[in-house]
Structure formats: structure tokens, C-alpha cells
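Shown next, in C-alpha cells, is the structure this report addresses.
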Amino acid sequence: MKDKLFGVLQKMGRSFLLPIAVLPVAGLLLGIGSTLTSSGYIPEDTFIYKLLCVLGDCGDMVFGILPLLLCVAVALGLARQYKEVAAISAVFGYFVMNMANSSIVNHFMDVEELSKTPGLLSDFLGFTNCMNTSVLGGVILGVIVAKLTNKFHSIKLPELLAFFGGLNFVPIISTVAGIVLGISMTLIWPYAAALIAMLGVAVSKMGYVGTFLYGFIYRLLIPTGLHHVFYLPFWQTAIGGTEVINGAVFYGSQNIMIEQIRLGLPITAEVGRFYSGEFAMMMFGLPGAALAMYHTAHKENKKKAKGLLLSAALASFLTGITEPIEFSFLFVAPFLYFGVHSVLAGACFMIGHIIGAGVCNNFSAGALDFMIYGVMLGNERTKWIYILILGIVMFVVYYIVFRFLIVKFNLKTPGREDSVEEVRLHSKKEYLESSQNKYQKLLKGLGGLENILDIDACASRLRLRLANGNKIDESLLKQTGSLGVVKKENNVQVVYGPKVSTVRIELENYISAIKGKEG
């Protein structure tokens with residue numbers, strides 16, 4: 001059971017590589033665009049400002065559809081066969097899931113009441129007031145669609161409904177699954193969000209320990225999308241502090257921070273506790289983890305791992321976009337994320353609070369924000385040098401801890417994947433015994449295995465491209481249930497009616513079994 005679970009997680013990790021590969025570029029676009037446009041140093045009516053807005057919007061789009069990308073990637077990666085069917089079915093399911101989610105909220109729930117929990121509802125991809133399930137919702141649906149594809153891709157329905165069987169059944173059942181999951185998430189998510197909001201209130205009253213828990217819980221919640229529910233009250237409400245400045249009362253760490261910056265005041269440690277330590281983790285800690293993963297990659301995979309990890313580390317350092325690194329080990333080695341990275345992140349926040357640093361950010365804790373909200377404000381106001389020293393220490397700590405655990409437990413981080421053969425849906429023996437008579441005749445009727453160049457199917461016909469169309473035997477094909485044959489030179493269509501999808505699948509599986517036996 002344990003080996004099977006790790007095998008599934010490893011496949012999921014491999015399937016994430018393609019979406020993750022684009023995240024560093026998107027992160028740089030989003031980080032540079034958003035940080036510089038919000039810094040106040042570039043006038044809004046200039047060409048440069050508008051161009052940076054375009055770059056930021058393009059990067060933001062990629063992260064906005066990340067849950068969909070991961071949903072499709074997981075479905076494609078975990079499907080044993082007909083991966084393209086799993087991928088398109090995941091798209092159907094994902095959009096229906098969010099539509100069900102949004103529609104339930106808008107028709108049956110109190111939107112105004114739900115909106116009181118910051119970050120619970122969001123508008124994206126045309127959906128309004130949708131529960132923010134983020135990548136967790138996408139990954140869960142992707143796993144479900146893959147399982148449905150593996151189970152139902154060859155399902156046989158009664159003759160009257162045969163057209164809806166086989167591969168055609170997969171997007172249908174995936175759509176139903178999306179509706180069920182969307183409704184379920186809508187019912188569960190408000191309670192989870194309320195619990196997290198209560199946790200935030202408790203954390204705010206616990207001093208340095210609370211600061212550690214803030215950083216720890218913040219990272220734990222990233223995959224769920226509920227991290228917004230957790231941190232926004234600290235930034236925007238009295239949970240994050242109350243400060244009287246020049247006779248005016250300000251609530252929330254971000255509002256207090258902005259006023260302190262505006263008036264040229266030192267950024268207090270009570271404001272910086274929710275920001276400062278994050279720079280050490282994002283600019284230094286995670287790049288240290290990336291270097292450890294590169295050094296522990298298998299020799300033959302180092303070149304491939306280098307490109308992914310270097311670009312991910314650069315995105316984390318410059319802009320504070322951490323998903324490319326975090327998702328590279330989140331699913332293949334979850335202990336590294338939940339048991340190590342989240343703990344070290346909490347330690348970064350706590351130490352930043354203890355040393356009294358006040359380096360804040362308006363977008364994310366990368367080098368760009370570090371320069372604007374740390375260095376440029378002066379060390380006397382922010383104590384940014386302390387964060388720089390802490391960051392160097394955390395680089396070493398992350399590197400040593402990650403390298404030791406990866407090697408010790410043989411964790412399958414990028415570049416250390418096993419070359420695992422895809423598991424067949426059925427055994428060779430099963431195919432040869434159960435399908436021998438019918439598909440032996442079908443194969444012979446088509447002129448033999450070596451005569452078949454390509455197999456496809458439409459709604460009612462098996463479409464084949466043959467090496468020699470004159471070799472077909474229509475009498476044998478009729479014995480397999482064929483209703484007729486249409487031949488045009490070497491392109492042949494064998495009519496089976498609505499059950500053709502099942503015929504195609506079983507023929508391809510039978511051929512695979514024969515090739516395996518011969519090999």
C-alpha cells in the first residue's frame with residue numbers, strides 16, 4: 001500500500017513538470033510588473049508603467065489558471081491509457097466543478113455573509129463568488145478523472161446506448177464528478193475557512209510562538225488556497241495590530257506599515273513580524289533547497305533538473321514566487337513540504353520578529369520588494385541587514401537539511417525519479433485468452449498485424465490506414481460483428497455502429513498484448 005501510494009505521488013510529481021516549467025517565467029513577469037507598478041516610483045501615465053502592467057497581467061493569468069493546469073496534468077499523468085481523453089475530460093470536469101460551486105453560492109447561500117471571511121470567495125475565469133479551492137480542488141478532481149478514465153474507458157452499455165459507452169463515457173462521468181465535487185466543496189469550505197479564521201485570532205495573541213505559528217500555518221495552507229483566509233485578517237483588521245499615529249487609529253499590519261512608510265517612521269517589529277522572515281525563506285531558504293535537489297539528482301538527470309531548479313530558484317529570489325520550487329517536491333516528497341519547509345518557514349518568521357526587523361512587502365517577499373521596502377528605506381528604519389544575515393544562514397540550513405533527508409530516505413525530488421513502466425489495465429494473458437477468437441479474426445481480416453499502420457474511430461466506424469488495402473477479408477470482418485466495410489485504396493472503414501469505441505479499445509489492447517508476448 002505504501003509503495004503504491006509513493007508510486008502515485010511520483011507520477012503526479014512527474015506530471016507537474018510541464019506546468020511548473022512555465023511558472024518561473026510567469027513569476028518574473030508578475031513579480032516585476034506588480035512590484036514596480038505598486039512602488040510609487042514610476043508615474044502611472046508613462047509608457048513604462050503601462051508596459052509593466054501588461055507584463056504583470058500576463059504573469060497573473062498563468063497563476064490564475066494554475067489549478068486548471070494541474071488538474072489536467074494530474075489526470076493526464078495518472079491515466080494508464082487514452083491520456084488525451086483524460087485531459088479533455090479534466091477540462092470539462094474542472095469548469096463544471098467551479099460552475100456548480102459558484103451557482104450554489106449565488107442561488108442558495110448568503111454571499112454577503114460569506115464575504116465577511118476574507119479570501120473565501122473569488123472571481124476568476126468568468127465565475128463569480130466561487131469558493132477559492134485553488135490547486136487543491138484542481139488536483140483532487142484530476143485524480144478523480146484519472147481513476148474514472150482507467151475504470152470506465154472500455155465500459156459496455158446496452159446496444160441502444162452503446163454510442164455513450166467506451167471512451168465517450170469518460171467525459172460524461174467526469175462532468176458528473178465535477179458537479180458532485182463542486183457542491184461538496186461549497187458545503188465544506190466555509191467551515192474550514194471559519195476554523196482557520198478562529199485560528200488566526202488565537203495566533204495573534206501568542207507573541208513569538210504566535211509568529212512561528214503564523215509562518216508555519218501560512219505555508220501549510222498554500223496548497224489549499226485557504227491561506228488568503230488566514231493572512232488577510234492580519235493584514236487588514238485589528239487581528240494584525242492597532243496603532244495610533246498622529247492621532248489617527250490604524251488597523252491591520254499592512255495599513256499601519258503604509259502609514260509608517262508615508263511619514264518616514266521606523267517600521268515596528270509588531271508590523272514586520274508578518275513580513276520580515278518571509279524574505280529569508282523566499283530569497284535564500286528555497287534557493288538553498290533547490291541547490292540541494294540539484295546536487296542530489298542522478299548524474300544522467302542533472303542537466304534536466306538544472307534548468308527547472310535554476311529558473312525556479314531565480315523566480316523565488318527575485319520576485320518571491322515560490323510555487324515552482326514548492327510544487328516540485330510538494331507531492332513527490334510531502335514530508336519535505338509539510339514537515340520541513342513549513343517548519344523552517346515558521347522559524348524564519350519568528351526569528352525576524354525576535355531581531356525586530358521591519359522589512360515589509362506589497363506583493364511578495366522577493367529581492368525587488370526587499371530593495372523597495374527594506375534597503376531603500378534605510379537600515380535604521382527596517383533593519384534589513386539582519387534579514388540578509390538571517391537569509392544566508394537559512395540558505396545553509398535549507399541546503400543541509402534537504403540534502404540529508406533526500407539522500408537518507410531516497411526521496412524522489414526532480415532528477416531522482418525512477419523509470420517506472422506504466423501499468424497495463426489488463427494482463428497480456430487476459431487479453432489473449434478473452435479476446436483471442438474475435439480479435440484474432442479481426443486482425444486476420446485486416447491483413448495481419450504488420451498490415452495495420454494506424455487505428456482510429458469515429459461515432460460508428462473503425463477507421464484504419466493499412467499498408468495494403470487489398471489484403472482485407474470482409475467475410476472474416478463480418479464474423480466479428482462488422483456491419484459493412486468501406487474501402488478507398490489503403491484507407492479502410494469497418495462499420496460497427498455505436499459500439500465501435502469499445503471495439504477500437506479492445507483491438508488496441510489485443511495488439512499490445514501480442515507485441516508484448518512477441519517481445
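Along the sequence shown, the residues carry numbers beginning at 1.
Using modelled atom types, one finds no donor on one side chain facing an acceptor on the other under 3.5 Å when comparing S253 with R273.
In this structure, OG1 in T413 is found 12.5 Å from CD1 in I325, a value given to the nearest 0.5 Å. One distance of note links CD1 of I48 with SG of C53; it measures 11.5 Å at 0.5 Å rounding. Rounding to the nearest 0.5 Å gives a distance of 10.0 Å between CG of D369 and CE of M283. With rounding to the nearest 0.5 angstrom, the CG atom of L52 is 11.0 Å from the CG atom of D57. Taken to the nearest 0.5 Å, the OG atom of S311 stands 7.5 Å off from the CG atom of L309. To the nearest 0.5 Å, atoms CG (L55) and CG (L29) are separated by 5.5 Å.
Closest heavy-atom contact between V72 and A87: CG1-CB, 3.8 Å. Scanning both residues, V145 and A90, for their nearest heavy atoms gives CG1-N, 3.9 Å. Residues S342 and L220 share a closest heavy-atom pair of OG-CD2, 3.6 Å. Minimum heavy-atom separation, I355 to Y386: CD1-CB, 3.5 Å. Listed here is the closest heavy atom pair of M185 and N101: CB-ND2, 4.2 Å. Nearest approach of A269 to H353, heavy atoms of both residues: O-CD2, 3.8 Å.
Other residues, nucleotides and ligands contribute only 12 or fewer heavy atoms inside 6.0 Å of the NZ atom of K50. Taking a 6.0 Å sphere around OH of Y294, one finds it holds more than 12 heavy atoms contributed by other residues, nucleotides or ligands. Heavy-atom contacts from other residues, nucleotides or ligands closer than 6.0 Å to OH of Y251 number 12 or fewer.
No donor-acceptor pair closer than 3.5 Å links the side chain of N129 to the backbone N or O of V105. Looking only at distances, a side-chain donor or acceptor of K83 sits under 3.5 Å from a matching main-chain atom of A79. Panel note: side chain T382, backbone G374; a donor-acceptor pair is recorded below 3.5 Å. Side chain of R381 to backbone of L265: a donor-acceptor contact under 3.5 angstrom is found. When atom types are taken as modelled, the side chain of S102 and the backbone of T128 share a donor-acceptor pair closer than 3.5 angstrom. Put simply, the side chain of S204 gets close to the backbone of V201: a donor and an acceptor are under 3.5 Å apart. Put simply, the side chain of N301 gets close to the backbone of G415: a donor and an acceptor are under 3.5 Å apart. Of the possible polar contacts, none joining the S316 side chain to the A313 backbone as a donor-acceptor pair under 3.5 Å is found. Formation of a donor-acceptor pair under 3.5 Å by the T186 side chain with backbone atoms of G182 is found in this model. Not a single donor-acceptor pair under 3.5 Å links the side chain of W384 to the backbone N or O of V359.
The closest side-chain heavy-atom distance from I42 to T37 is not below 4.5 Å. At least one side-chain heavy atom of L388 sits less than 4.5 Å from a side-chain heavy atom of F284. The side-chain heavy atoms of M97 and I179, taken from C-beta on, include no pair separated by under 4.5 Å. Looking at heavy atoms from C-beta onward, L121 lies out of side-chain contact with N132 at the 4.5 angstrom threshold. When side chains are defined from C-beta on, H341 does not count as touching L330, because their heavy atoms never get closer than 4.5 Å. N246 places a side-chain heavy atom less than 4.5 Å from the side chain of L263. Between Y373 and I267, the closest side-chain pair of non-hydrogen atoms is not below 4.5 Å. Residues F234 and V203 form a side-chain contact, since some pair of their non-hydrogen atoms from C-beta on lies under 4.5 Å apart.
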Could you check T149 against R80 for side-chain contact (heavy atoms from CB on, under 4.5 Å), going step by step and ending with a plain yes or no?
CA-CA 8 Å; T149 304; R80 299 191 189 105; over 6 Å; no
Give the C-alpha distance, both sets of side-chain angles, the deciding distance and a yes or no for ring pair (Phe, Tyr, Trp, His ring centres under 6.0 Å) between Y399 and H295.
CA-CA 10 Å; Y399 176 82; H295 282 165; 5.7 Å; yes
Test M281 against L286 for side-chain contact (heavy atoms from CB on, under 4.5 Å), laying out the working first.
CA-CA 6 Å; M281 179 266 290; L286 282 174; 3.8 Å; yes
Where do F279 and Y275 land on the ring pair (Phe, Tyr, Trp, His ring centres under 6.0 Å) test, with the steps shown first?
CA-CA 7 Å; F279 287 94; Y275 305 92; 8.5 Å; no
Step by step, work out the side-chain contact (heavy atoms from CB on, under 4.5 Å) result for I258 and Q254.
CA-CA 6 Å; I258 292 173; Q254 191 174 59; 4.2 Å; yes
Can you list the steps and then say if F329 with F402 is a ring pair (Phe, Tyr, Trp, His ring centres under 6.0 Å)?
CA-CA 11 Å; F329 63 86; F402 267 66; 5.3 Å; yes
Could you give me the CA-CA distance, side-chain angles and deciding distance for F216 and F349, then say whether side-chain contact (heavy atoms from CB on, under 4.5 Å) is met?
CA-CA 9 Å; F216 174 67; F349 276 90; over 6 Å; no
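Screening residues 72-94 for ring-ring contact (aromatic ring centres under 6.0 Å, His included) gives Y82-H153 as the qualifying pairs, with residues at least two apart or on separate chains.
Between F274 and Y214, a ring centre-to-centre spacing shorter than 6.0 Å is recorded.
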